[in-house]
Student: 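For reference, the structure I am asking about is given below.
Counting starts at 1 for both ligands and their atoms, in listed order.
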Amino acid sequence: MSKLIWKLLTKKRRSATQGIPPGKEDLAWVTNTVTLIYGQRDAVLVDTFLSEQHSKELVDWVVESGQNLTTIYVTHAHGDHFFGLKLLLDKFPSAKAIATAPVVAAIQDQIKPEYIQSVWEPRFPGQLPSQLVAPEVLEGDTFYLEGEELKVVQLGHTDTSHTTALYVPSIGLAIAGDCVYNNTHLYLAECDAAARNEWLRALAKIESLNPKAVIAGHGVLHPDNSPRHIEETRRYLRDFVASVASTSTARELYETMLSLHPDCVNPGSLWAAAKASKPS
Ligand SMILES: [Zn+2]
């Protein structure tokens, strides 16, 4: 029997997309979820948070776990999943931050000062950690925690390009990164029709692992980690594809998707996707 266990830390933040049409203000927030997998002594953290405040709370949470952090794995190159790296590495200097080669390359681009100043700082003024670093390249697709395998699953384009999940076969745990969402509007602004199909194939790939638990990158504050969120994410994507075909303006697409998914949080993500797929 595996001796690995896991726990989650979930933080709520404001949406990266502002200026949405009025009417859904109460849903205008999003969560990020990080996973700590641990054994008798050592731990692996999957993803970090965006803001300096949440990153400090994450450091405290890992310290309180009493575990020796050996590795931080980053699933994909979006700042809300890796901005906290430097604060963790400062606290755990023997830990290693890793990601696949294309993710590391994209992160190196994204932490350039001009990108931070033009994209992230205006959205989260004064809230980002002052020092940002990229992970190192993981060679191969497997690393270990107390002798047990952790496998990188290449997902291609989901909410951005070259995304990954991390699968722990011994406990049937799939940490889906941003391939699976829970009750949250998907971030489809970086997706054309081909990328949406790639996302559908990525969902099938996670499903084929037959995981016992699926960690959604964005979801509710107290997630149930059910594999059913794979199918829910698939349904949302198919609804979006059908709605792109049946509407003519961004506003119409936005309203159509809201009527199909009225309770999802973070309508800003949908608004960004609607504007990207139907530029006026
Ligand atoms: Zn994300």
Student: Is it the case that the side chains of T160 and E190 hold a donor-acceptor pair, with the cut-off being a distance below 3.5 Å and no angle test?
Tutor: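 There is such a pair (donor and acceptor under 3.5 Å, judged by atom type) between the side chains of E190 and T160.
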Student: From the N, O or S atoms in D178, identify the one nearest to the Zn ion (ligand 1).
Tutor: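 The nearest such atom is OD2.
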Student: Between T256 and E252, is there a donor-acceptor pair closer than 3.5 Å when you use the side chain of the first and the backbone of the second?
Tutor: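 At least one qualifying donor-acceptor pair exists.
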Student: The Zn ion (ligand 1) is nearest to which N, O or S atom of H81?
Tutor: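 Nearest N/O/S atom of H81: NE2.
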Student: Counting backbone and side-chain atoms alike, does H218 have an N/O/S atom under 2.8 Å from the Zn ion (ligand 1)?
Tutor: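 It does; at least one qualifying atom falls short of 2.8 Å.
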Student: If you check every N/O/S atom of D80, which is the one nearest the Zn ion (ligand 1)?
Tutor: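 Within D80, restricted to N, O or S, the Zn ion (ligand 1) is closest to atom OD2.
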Student: Do the side-chain N and O atoms of N32 and H54 include a donor-acceptor pair separated by under 3.5 angstrom?
Tutor: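 There is no such pair (donor and acceptor under 3.5 Å, judged by atom type) between the side chains of N32 and H54.
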Student: For T31 and G219, indicate whether the former's side chain and the latter's backbone hold a donor-acceptor pair under 3.5 Å.
Tutor: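 At least one qualifying donor-acceptor pair exists.
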